[in-house]
Trainee: 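Attaching a single structure in structure tokens format; questions to follow.
All ligand and atom numbering here is 1-based and tracks the order in the structure.
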Amino acid sequence: MTSAPPLSAVELGFSYPNGVQVITGWTSTFPAGSMTALTGPSGSGKSTLLYVLGLMQRHQTGDLLLHGRPVAGLSDAERARLRAHQFGFVFQDAALDPTRSVLDNVVETALYRRQSRKAAVSNAHTLLERFGVALRASHRPGEISGGQAQRIALCRALLAQPRIILADEPTGNLDPASRDLVVAALRKQAEQGSCVIIATHDPLVAQACHRHVALDGQQCA
Ligand code: ADP
């Protein structure tokens, strides 16, 4: 028996409240164990698509299936629970909370999952070590570089070993060595069975992916 793919979109459509239609009749499937590069010019809808796939925005038409089940009828609370349990997110700007320490930023989502803080802190230290930012654990995000923030955001995304990872330009602020580390970590996560989707402009990142999905200006293809 083959299991349903973690994410699939069928004739998906999304527009912002101001009427800007960003995704139109878009169909694609993202299998487990694969890393997909989402490419396209600025404004083609990559970030928006990640928000929709990550249950942060609601599509208006078509279907979005999570492990084969439509998400359209789910309440906001159910969507939030699924986000906390199934997804890891790495945003373009790292999106760390400036009022909390790096360590607290990394373990924050564990609390939503009602996991023990002690175990989460131990896992977080292991990840911070692995990505060369362990010395920054007690710092605030305002005291670290953009590249460090990006690696810390990756630690946060990997903490729960999520089945789906959505990354928006995760290497944008990184030097080549850090970029390679991040890409290798995401690829390893895919090879261990996760579904990884990366919006990227970087051809080297795209090359490291197993699959490519290109979006053009008007309609996702
Ligand atoms: P990309 O990530 O490929 O640069 P985006 O998803 O950021 O593309 O943007 C796609 C389109 O949606 C653009 O035309 C952009 O101006 C528009 N857009 C993005 N965010 C919003 C928003 N919050 N409200 C209205 N329009 C938006």
Trainee: Could you measure the distance from the OG atom of S47 to the CD atom of E169? Nearest 0.5 Å is fine.
Mentor: 7.5 Å
Trainee: With side-chain hydrogen bond (donor to acceptor under 3.5 Å, both in side chains) as the test, would you mind laying out the steps for S178 and D175 before giving the verdict?
Mentor: CA-CA 5 Å; S178 303; D175 58 72; 3.1 Å; yes
Trainee: If you define the side chain from C-beta out and look only at heavy atoms, does anything of E191 sit under 4.5 Å from M35?
Mentor: no
Trainee: If you define the side chain from C-beta out and look only at heavy atoms, does anything of T109 sit under 4.5 Å from R83?
Mentor: no
Trainee: Indicate, with yes or no, if V183 and F30 share a hydrophobic cluster defined by side-chain heavy-atom contacts under 4.5 Å among Ile, Leu, Val, Met, Phe, Trp and Tyr.
Mentor: no
Trainee: Less than 4.0 Å from atom 15 (C) of ligand 1, is there any heavy atom belonging to the protein?
Mentor: no
Trainee: Which ligand 1 atoms does K46 reach within 4.0 Å, using its non-hydrogen atoms?
Mentor: 1 (P), 2 (O), 3 (O), 4 (O), 6 (O), 8 (O)
Trainee: Using protein heavy atoms only, decide if any is under 4.0 Å from atom 20 (N) of ligand 1.
Mentor: yes
Trainee: Could you establish whether P41 and ligand 1 come within less than 4.0 Å of each other, counting only heavy atoms on the residue side?
Mentor: yes
Trainee: Please state whether G45 comes within less than 4.0 angstrom of ligand 1, counting heavy atoms only.
Mentor: yes
Trainee: When you compare ligand 1 with G43, is there at least one nitrogen or oxygen pair between them that comes in under 3.5 angstrom?
Mentor: yes
Trainee: Can you pull out the closest protein heavy atom to atom 7 (O) of ligand 1? Residue, atom name and distance to 0.1 Å, please.
Mentor: S47 CB, 3.8 Å
Trainee: Measure T48 to ligand 1 on non-hydrogen atoms and call it side chain, backbone, both or neither using the 4.0 Å cut-off.
Mentor: both
